[in-house]
Amino acid sequence: MLDLNFYARDSVTVAEELIGCLLVRRQIDPEKPEIIVMLTETEAYRGAIDPASHAYRGKTARNAIMFGEAGRLYVYFSYGMHSCMNIVTSIPGTAEAVLLRGAVPLKGVDSIRSNRQGIADKDLLNGPGKLTKGLPIGLDMNGYNLLAEHSEWIVLAKERTLPIRRTGRIGISRAQELPWRFVADIPEYRAK
DNA sequence: GCGAGGATTAACT
DNA sequence: GTTAATCCTCGCT
């Protein structure tokens, strides 16, 4: 299981190393089946030194979680429709985070399908909004501590080393040129 | 397969 | 009032 030492580094390093790691919902509630997905796409955001970060202009009610401890989820609502999930990294005050943009299901696919009715398997989790809808992770999960004892959601270390493609970030209007997006580069899991 | 455009709301200015 | 770290459908090829 990834620990505080893993997350307490700069978000670019963490974003790259998260590719191939497993995001897991342990079966604590018998109503909710176990879910395991492997992360295939991430992006780093770097607080005050990153014009595209929600934290660039300082702390607000929305982004407050990013200014705290690493290993927490920062979940925000976007385009009036989607929520997106980040993992806070680095040390408190720097407001760095990694946006989780895509994954592939390894276990609990039926549960994910039921959250994504009518969607082809290959498109279940290949986008930040799709990922949060499929798992599901909502705004109510903002601030969730992945490192807490008996946490329902945890992240496990890399199960498999994947070839990684490094690119500029997408879907943003500022600082697109910064090469802080990481995508698992294998045909069977390629996310666009 | 591809590109254009609409959907819909929280947070910020 | 405006913007936004997006997704999906539709129309055309």
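A note on names: the letters A, B, ... follow the listed sequences, proteins ahead of strands, and every chain is numbered from 1.
- Comparing C/dC8, C/dT6, B/dA11 by their closest approach to the side chain of A/Cys84 singles out C/dT6.
- Judged by Watson-Crick or G-U wobble contacts below 3.5 Å, the nucleotide C/dT3 has B/dA10 as its partner.
- As a whole-Å value, the separation of A/Lys133 NZ from B/dT8 C1' is 14 Å.
- Residues A/Leu156 and A/Cys21 come closest through the heavy atom pair O-CB, 3.3 Å.
- The CZ atom of A/Phe77 sits 13 Å away from the P atom of C/dC7 (whole-angstrom rounding).
- Listed here is the closest heavy atom pair of A/Tyr7 and A/Val14: O-CG2, 4.0 Å.
- Rounded to an integer number of Å, the gap from OH of A/Tyr79 to P of B/dT9 is 16 Å.
- Atom CG in A/Asp123 sits roughly 13 Å away from atom P in B/dC2 (whole-Å rounding).
- Comparing A/Leu131 and A/Gly80 by the nucleotide of DNA chain C that holds the closest heavy atom to each, the one mapping nearer the 5' end is A/Gly80.
- Between C/dA4, B/dA10, C/dT6, one nucleotide has an atom nearer to the side chain of A/Pro128 than all others, and that is C/dT6.
- The distance between atom CG of A/Asn86 and atom C1' of C/dT6, rounded to the nearest whole Å, is 14 Å.
- Distances shorter than 4.0 Å separate none of the side-chain N or O atoms of A/His54 from OP1 or OP2 on B/dA11.
- Between the P atom of C/dA5 and the CZ atom of A/Arg62 lies a distance of 7 Å, rounded to the nearest Å.
- What you find for A/Val88 and A/Tyr74 is that their closest heavy atoms are CG2-CB, 4.2 Å.
- The side chain of A/His82 approaches C/dT6 more closely than any other nucleotide in the set C/dA4, C/dC8, C/dT6.
- Listed nucleotides C/dC7, C/dT6, B/dA7 differ in distance to A/Met81; the shortest reach to its side chain belongs to B/dA7.
- A/Arg57 comes within contact range of the sugar-phosphate backbone alone, with a heavy-atom separation under 4.0 Å but no base atom that close.
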Practice task
I would like to know whether A/Trp180 and A/Arg166 meet side-chain contact (heavy atoms from CB on, under 4.5 Å); could you show each step before the answer?
Solution key: CA-CA 7 Å; A/Trp180 292 350; A/Arg166 182 172 183 164; 3.9 Å; yes
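- For the pair A/Asn126 CG and C/dC7 C1', the computed distance is 10 Å after rounding to whole Å.
- Aromatic stacking is not marked for A/Tyr76 over B/dA10, as the cut-offs of 5.5 Å for the centres and 30° for the planes do not both hold.
- Put simply, A/Arg174 has a side-chain N or O that comes within less than 4.0 Å of OP1 or OP2 on C/dA4.
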Handout entry: Candidate pair A/Lys122 and A/Asn126, rule side chain to side chain donor-acceptor pair (under 3.5 Å), full reasoning
Key = CA-CA 8 Å; A/Lys122 68 180 180 56; A/Asn126 61 345; over 6 Å; no
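- At whole-Å resolution of the value, CD1 in A/Ile65 and P in B/dA10 are 18 Å apart.
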